[in-house]
Structure formats: structure tokens, C-alpha cells
Amino acid sequence: MPLLPALKGFLLMLSVIVAIGPQNAFLIRQAVRCEQAWLTASVFLFGDVAMVLLGGFGIGHLLE
């Protein structure tokens, strides 16, 4: 796998995750209150990974 496309994809995903949106604001609020921050982060992580994989495989299937 060429490094340049992988690096571009990694940087794009990093920019999406780092941006403060409603999901990240909620996670920060949970962490500050010490209310199940690890569980919340795990659910968000699972959801993000699932959406990225579904999107990636869906686009790949459509491009075939």
C-alpha cells in the first residue's frame, strides 16, 4: 500500500476526530464529571470505526 494515500487518510480522520463537535463536547463533559467516561469513549470509538469501515467498504463496492 502506498504511504501517501494512507497518510492522507490518517490526517483526514485525525482532523475529523480532533474537531470539537457535539460528540466530543459530550465526551469532555462526561470526563470532567467523572461519569462513565471510558464507557462513553468506547461507544463513540466503536461507532466511529464502524461508520468509517462501512463508508470505506461501501465506496469501494460502488467503485467496482
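Numbering starts at 1 and runs along the sequence shown. Predicted model only: the values in this text are computed from it and were never measured.
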*Should side-chain heavy atoms under 4.5 Å link Ile, Leu, Val, Met, Phe, Trp and Tyr, which residues sit in the same cluster as V43?*
L39

*CD of Q36: more than 12 outside heavy atoms within 6.0 angstrom?*
no

*Which value, rounded to the nearest 0.5 Å, describes the distance between L45 atom CG and T40 atom OG1?*
12.5 Å

*asked:* For a 4.5 angstrom cut-off between non-hydrogen side-chain atoms, does K8 reach L11?
replied: no

Which side-chain N or O atoms in residues 25-34 pair as donor and acceptor under 3.5 Å with protein atoms at least two apart or in another chain?
{"unit_1": "Q30", "atom_1": "NE2", "unit_2": "E35", "atom_2": "O", "d": "2.9"}

